[in-house]
Amino acid sequence: MDRTLLFQNGWGKTIACAQDRVLIIACPARNIYRDGGLPTIQNRCESMAEEPKPQLIREKLDVCELDRARMSLLNPALIEQKKEERTIDENAKPILELTMREGIETVWDRYEMQQPSCKYCLAGISCARCTMGPCRIIPPNRIRGVCGADADLMVSRNLLDTIATGAAAHSDHGRDIAETLYLLGTGKTRDYAVADPEKLRKICKEFAIETDGKSPVQLAAGLGSALLDEYGMKRNTLRFLDRAPKATREIWDKLGISPRGIDREVVDSMHRIQMGVGADYVNILLQGLRTSLSDGWGGSMIGTEISDVLFGTPTITSSMMNLAVLKADHVNISVHGHNPMLSEVIVNAIADPEMQALAQKYGAKGINLVGMCCTGSELLMRKGIPMTGNHLNQELIIATGALEAMVVDYQCIFPSLPRTASCYHTLIISTSAKATIPGSYFFDFHAENAGLTAKAIVRMAVENFRNRNPARVIIPGEPVPVMSGFSNEAIKGALGGSFKPLIDLIAAGKIRGAVGIVGCNNPHVKHDYGHITLAKELIRRNILCVETGCAAIASGKAGLLRPEAASLAGDDLRAVCESLKIPPVLHMGSCVDNSRILVLAAELGNALNVPIHKLPIAGAAPEWYSQKAVSIGAYFVASGVYTVLGVMPHISGSPATVKLLTEGLNGVVNASFAVEPDPVKAAVLISDHIERKRTGLGI
Ligand code: XCC
Ligand code: SF4
């Protein structure tokens, strides 16, 4: 994009003065125009040798006192009741109680204030896409929007919007990783390296990139470039689709839902939901499946595979989980979000002796890095970094009073975190120009300045230790040990080098099947209850659980990621777990790592020479909330995996859409969705499905 133009058309106007322009042009390494992004954020051009300074986004929030007076609950019985209704996370309960007593607003309070929900939005029959509206479907008379859209169109269009948003989020994360590989290969960043050259070579071969005689750095450049091409439409097919069993690919081709470029599918979806384009709900929903496949077998798979190349393919590792991994005598820094590009360099910065010495200077015993949500899972899987919790723990970790900084990148970060932090000394440090948060301190983090920025962030957190009030620190209970790092490579390793023993165990009925339990927390569901109840019900039936995202973290906190949890499994699964010394619930990573579950399914299908839909497997998202989760569910189903949701999507206003997604899809992709809020009943649905598939395979 033309830089002068950026200034002329106003994009650049918050850059303070002409002097900055000169500075920026004189310092191309700063590259603040990358991606044609808004050049409004950082108006200083530091030399590369200096640590960058943060920018306070808008203003420091100081809302706490007012809010607290309004929010605090005085009735101990009510506090007790709400606490039990809100979560099953025992370590979270004392903090939750404190937030209610002290009037520190949380997601559950805001959820209550939002009730009752708008029934039109809940059913998906409201539309605000254009200014002829907004419109609602109110039978019997108001059955079309101003443009003529009926309930089916409104619902399907809203759903396609949701899927495309989720696919975009995962895929853009994948792009950031692919770009980092490319920048590493082209010498633009020195803060990253190739950690798994073997995997790099393997993926290069999939992309028909010549590997002989080439260094990892040269391969990084070639593969990085090829991966960035996957986003466009030059080739009109995604390379990783070749990993799927042939019969599954034929289903996609026949139906016309094989994704072309990743970006192309997202843009195509956005085009279709513009008023006056897509009018047929079936056509719109099929594009939803295609877009989701471009996420699962495209953007997310790139995110996972290249994160493995850059940071290491996970191997089985031990760590600890829940809020009690915070340490009262250490500087505590939490990373939260999704992209390991940031959290990995923070790990390096913390190991810096200068930072350790600084921490000691301020009276801390050291620096304790902890993870949260998916970026936490990335670190847990690869580095064994302890994890505080999942989505609904994010405010509670601040309310321990022991957190110096919450360092965030993007996705699933409550915009309210700086408000929560204003009740404490905690700093919210934002790092993505896509996700600046009012009240946070922003560092314009890029692959090119990663190391220095990470150090500046850690320094800021360490210096903040002085501001902690020890009298307000509560770190409840003890952390729970977890076993993590179950990449497909690690699972194969545990099985002696191939999936054959797993297939034999499934064929012999020792393991009835496998279920991917994935997705978020959602205040519509008691925190972690859906995940844990479902996992326990399934392992009891000798069904192996593979988990990612906040589901896996829920299991970790509940002790299901320990080998000892085998005692909760049925006799056959217990014996398998005991002989392999693994838990009955396997932590496979973050949400982009659902692509690992696709690869697992594909490898099982290829080994048996059957399409994915014939395998005794299923998916479940008991507490999902996010657009990304809808994309995941859609690519599971489109790939042939029956998927049970614990939270109803906003589609009930179109019975035709509901029927298509829960029944009709069986006729085209041989899989469908089901919605079952009760996890005990969901386990029955899944178990019956798995037994039917076993019968189909004759095992
Ligand atoms: Fe977010 Fe990934 Fe959902 Fe958790 S599971 S709430 S998407 S952090 Ni991904
Ligand atoms: Fe109403 Fe149609 Fe505009 Fe939506 S697109 S707001 S239904 S007129």
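Order of listing sets the numbers, starting from 1, for every ligand and every atom in it.
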Run through Asn488, Thr304, Asp308 and flag the one making a side chain to side chain donor-acceptor pair (under 3.5 Å) with Arg596. Asp308

Please state which part of Tyr625 comes within less than 4.0 Å of ligand 1, counting heavy atoms only: side chain, backbone, both or neither. side chain

How far is atom 2 (Fe) of ligand 2 from its nearest protein heavy atom, and which residue and atom name does that atom have? Cys147 SG, 2.3 Å

Nearest non-hydrogen protein atom to atom 3 (Fe) of ligand 2, with distance, is Cys130 SG, 2.3 Å

Non-hydrogen atoms of Arg157 versus ligand 2: any pair closer than 4.0 Å? yes

Where the closest heavy atom to atom 6 (S) of ligand 2 is concerned, which of Gly145, Ala149, Cys127, Ser126 has it? Cys127

Show which atoms of ligand 1 fall inside a sub-4.0 Å distance from at least one heavy-atom site of Gly519. 5 (S)

So that I can check it, does any N, O or S atom in Cys135 come closer than 2.8 Å to atom 1 (Fe) of ligand 2? yes

Aromatic rings His338 and His173: how do their planes relate, parallel, tilted or perpendicular, breaks at 30° and 60°? perpendicular

Between the side chains of Ser292 and Asp295, does any donor sit under 3.5 Å from an acceptor? no

Anything protein N/O/S under 2.8 Å from atom 2 (Fe) of ligand 1? Just list residue and atom, please. His338 NE2, Cys374 SG

Start with the C-alpha distance between Asn521 and Tyr625, add both sets of side-chain angles, then the distance that settles side chain to side chain donor-acceptor pair (under 3.5 Å), and finish with yes or no. CA-CA 7 Å; Asn521 297 135; Tyr625 91 86; over 6 Å; no

For a quick test of reading the model, state the closest non-hydrogen atom pair linking Ile137 to Asp150 and the distance between them. CD1-C, 4.1 Å

Contact between Glu378 and Phe311 at the side-chain level, heavy atoms closer than 4.5 Å - yes or no? no

Indicate whether the side chain of Ser377 and that of His587 have a donor and an acceptor atom separated by less than 3.5 Å. yes

Output the list of atoms in ligand 2 that are nearer than 4.0 Å to some heavy atom of Met154, sorted by atom number. 7 (S)

Of the non-hydrogen atoms in Phe636 and Gly619, which two are nearest, and what is the gap between them? CD2-CA, 4.0 Å

Identify, by atom number and element, the atoms of ligand 2 in contact range of Gly133, meaning under 4.0 Å from any of its heavy atoms. 1 (Fe), 6 (S)

Just checking, Arg136 and Tyr120: is the charged tip under 6.0 Å from the six-membered ring centre and within 45° of the axis? yes

Any side-chain donor-acceptor pair under 3.5 Å between Asn339 and Asp409? no

